[in-house]
Amino acid sequence: MSKVFYKAFAVSLIIFLTVNLIFAQDREIVTSDSAMVVSAHPLASEIGLDVLQKGGNAVDAAIAVQFALSVVYPRAGNIGGGGFMVVRTDTANYALDFREKAPVLATSDMFLDGNGNVRPLSSTHGHLASGVPGTVDGMIRAYERFGSLPWEDLIQPAIDLAINGFPLTEREAQKLNQNVDQILRINTVKPDFLKQNYYQTGDTIRFDELGLTLTRILNNKRDGFYEGETARLIMEEMKRGGGIINRIDLENYQSVWRDPYSFWYKNYKVITMPPPSSGGVALHQLFQIMERYPIGEWGFHDPLTVHLMIEAERRVFADRAAYLGDPDFVDVPAEILVDSVYLDGRMENFDTLKATPSGLIYAGEMPEESTETTHFSIVDKWGNAVAVTTTLNGNYGSKVVVGGAGFFLNNEMDDFSVKVGEKNMFGLVGGSANVIEPEKRMLSSMTPTILEKDSSLYMVLGSPGGPTIITTVFQTILNVIEFEMNMQQAVEAGRFHHQWKPDQVYMEIEAFDDELVEQLRSMGHKFKMRREIGSVDAILIRDDGKLEGGADPRGDDTAKGY
Ligand code: DON
């Protein structure tokens, strides 16, 4: 063979290796022509896909996936928690807030002892930690507005899984094993699904009582949860465990349609969640800051790019702590926070060579807890898109299972400022805009997001991860738009996170090479390793019209399409 051939071959090989080493990718890219679901569990993705293939729209599929996740992914998928849904149709965009609320009997000092100190674990474990669940009302609201298939078709698949049982994945068996003791300790009635003390991959688990609760929701919709037997069981659970959620809370709970929070980054329109999520405003601030710098030219994980992103994150999270809360209770100065003159001021002390210290008052620690929220992204054959992030907050929420009803309650009260200036379980410092008040929603970082490019649907994404949700969504978008990765590569790429306090960069192990870490250290950045940050489920609409899934290998996340 000729020298020219060898040379051409060598050059192609080098290009191939360079691209694949920089943007290493574990999983095959999943593509489809018409529609797609990407969720945290293969069985939930399968159910969503079935609904789409039967002619259901993206919201129908989202409802079915949400109920399915409450069974197959009970540590985060839920009916005892809450979340946010962003919907894009051809004609309009929508944001549904089904975030939990503080009970009417909640008070700003309910987690403090007589000396004004936070009672350890009181806002994270047990009955007092739960906000009033919003998921069931949220799904019904979404159905009333957009549902096209019969309601039964969206909930029966979850009931079948609960009653017939399903095999545990390795990850879910492990999670149960890690939590079984604590769940048993916290609950006064042994949860009916816990038949073993130790689970192995492939063991079948059944959720009979949850199946009955879901059947009541199938038959009576809202009244199947907020009234009648399920409400009675929740009341009994509260009585046994010293919780404060009462009948008025359940009767009064309403999810809310809000105007989505939208902004532009270059020629991309970002459609995401307004307060009580901090995600929309924070993303807007981050992208506004990025727009001033040629980060695409600097390159992915170039020291200057990473330094800038960290410094932007530091400033944005300081604002989050001070200004954001439930807009039904506090004025959120969103317009000022994203004003370009204001952001000029915020970046005035940005030094391209040095980290700006966060001026630590104390160092909050972010626990090594894994991601216990869940996000799913759906696109249907008409091009409608739905992004849902839903949560119990911590791993299996408050760990309380409603006796006889078979579902976990959230521990979302910890997302409030339990005490102003104190850190919560994510190390986030609480400000006064987010103090506990009856019927107020706790501030969230959940950021379900949809992007348009030149007015067409372009990307659907979101993640779990507490505060790291915001930086994870931010980095995944930049990976595609600025660093030209495909969706799967963008999802798999290593992540980092700075949240102002504590003053350290959380970095996934091996996200950066040693040289980059050393360069950033010499600029003054401090690092703390984390096993994983976030778990993104995303869909990209390519120029050729195909849908490309990004399913995070950090979990059992699965893309399915047709
Ligand atoms: O709403 C929030 O911001 C949190 N409750 C989300 C919690 C979460 O993502 C847990 N995963 N680590």
Side-chain angles (χ1 to χ4, degrees), residues 35-39 48 51-52 56-67 81-101 134-149 151 154 221-222 253-264 268-284 326-328 332 334 374-391 441 444-453 455-463 469 473 477 537-539 541:
M36 187 173 277
V37 181
V38 192
S39 87
V51 168
L52 294 173
N57 62 35
V59 175
D60 288 322
I63 295 167
V65 170
Q66 172 81 44
F67 284 124
F84 301 131
M85 175 187 285
V86 176
V87 181
R88 179 190 180 276
T89 70
D90 267 354
T91 48
N93 304 319
Y94 307 83
L96 179 61
D97 170 356
F98 55 99
R99 180 74 161 162
E100 302 90 327
K101 284 177 144 190
T135 296
V136 174
D137 188 74
M139 293 308 104
I140 289 158
R141 285 276 166 134
Y143 183 75
E144 283 167 357
R145 187 161 210 164
F146 294 108
S148 69
L149 292 188
W151 174 244
L154 310 184
K221 293 222 176 118
R222 207 196 121 89
Y253 184 87
Q254 301 278 344
S255 42
V256 190
W257 288 106
R258 301 190 186 274
D259 290 333
Y261 189 94
S262 301
F263 63 91
W264 289 88
Y268 300 90
K269 185 177 178 187
V270 181
I271 305 155
T272 182
M273 206 56 212
S277 170
S278 55
V281 176
L283 264 193
H284 191 180
D326 182 349
D328 296 341
V332 177
T374 188
H375 174 87
F376 51 95
S377 296
I378 301 179
V379 173
D380 66 25
K381 64 179 173 187
W382 298 281
N384 301 307
V386 174
V388 175
T389 314
T390 179
T391 189
R441 288 179 158 93
S444 173
S445 301
M446 290 187 289
T447 315
T449 298
I450 298 174
L451 266 74
E452 288 176 2
K453 182 182 178 186
S455 306
S456 297
L457 180 63
Y458 182 63
M459 199 191 294
V460 189
L461 81 165
S463 175
I469 293 172
V473 169
I477 295 172
D537 284 338
I539 302 171
I541 291 75

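For this chain, numbers begin at 1 and follow the sequence in order. Because only heavy atoms are used, hydrogens play no part in the values below, and waters and symmetry mates are left out as well, while side chains stay in.
- Exactly one of Asp380, Val59, Asn384, Asn57 qualifies for a side-chain contact (heavy atoms from CB on, under 4.5 Å) with Thr89. That residue is Asn384.
- Asp537 and Ser39 get closest at one heavy-atom pair: OD2-C, 3.0 Å.
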Test side-chain contact (heavy atoms from CB on, under 4.5 Å) applied to Phe84 and Thr389, step by step: CA-CA 6 Å; Phe84 301 131; Thr389 314; 5.5 Å; no
Worked check of side-chain contact (heavy atoms from CB on, under 4.5 Å) between Val473 and His375: CA-CA 11 Å; Val473 169; His375 174 87; over 6 Å; no
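- Leu96 places none of its side-chain heavy atoms less than 4.5 Å from the side chain of Val87.
- Distance CD1/Ile271 to CZ/Arg88: 6.0 Å, rounded to 0.5 Å.
- Within the 4.5 Å cutoff, the side chain of Gln66 has heavy atoms near those of the Phe98 side chain.
- Closest approach of Val460 to Ala385, counting heavy atoms only: CG2-CB, 3.8 Å.
- Put simply, the side chain of Met273 does not reach to within 4.5 Å of the side chain of Thr447, judged on heavy atoms.
- Here the shortest heavy-atom pairing between Ser377 and Ala538 reads OG-CA, 4.0 Å.
- Side-chain contact between Pro274 and Asp259 is absent, with no heavy atoms from C-beta onward closer than 4.5 Å.
- Here CZ of Arg441 is found 4.0 Å from CG of Asp97. Values are rounded to the nearest 0.5 Å.
- Under a 3.5 Å cut-off, the side chain of Thr272 and the backbone N or O of Gly280 do not form any donor-acceptor pair.
- Contact annotation: the side chain of Trp151 approaches that of Ile140 to within less than 4.5 Å [non-hydrogen atoms, C-beta and beyond].
- A heavy-atom distance below 4.5 Å is not found between the side chains of Ser277 and Ser445.
- Not a single donor-acceptor pair under 3.5 Å links the side chain of Ser444 to the backbone N or O of Pro276.
- Between Gly48 and Ala61 the shortest heavy-atom distance is O-CB, 3.8 Å.
- Atom OH of Tyr261 and atom NE2 of His284 lie 5.0 Å apart (nearest 0.5 Å).
- Between the CD atom in Glu100 and the OG1 atom in Thr391 there is a gap of 7.0 Å [rounded to 0.5 Å].
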Residues Tyr458, Ile477; criterion side-chain contact (heavy atoms from CB on, under 4.5 Å); working and verdict: CA-CA 11 Å; Tyr458 182 63; Ile477 295 172; over 6 Å; no
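- The nearest pair of heavy atoms linking Pro275 to Arg258 is O-CD, 3.6 Å.
- Residues Met459 and Lys453 form no side-chain contact, since every pair of their non-hydrogen atoms from C-beta on lies 4.5 Å or further apart.
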Pair Lys221-Tyr143, side-chain contact (heavy atoms from CB on, under 4.5 Å): steps then yes or no: CA-CA 10 Å; Lys221 293 222 176 118; Tyr143 183 75; 4.1 Å; yes
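- Contact annotation: the side chain of Val388 never approaches that of Ile378 to less than 4.5 Å [non-hydrogen atoms, C-beta and beyond].
- Expressed to the nearest 0.5 Å, how far OG of Ser262 lies from CG of Leu451 amounts to 10.0 Å.
- A donor-acceptor contact shorter than 3.5 Å links the side chain of Thr390 to the backbone of Gly82.
- Considering every non-hydrogen atom in both Ala387 and Leu461, the closest pair reads CB-O, 4.2 Å.
- Note: Ile541 CD1 to Leu457 CG = 3.5 Å, rounded to the nearest 0.5 Å.
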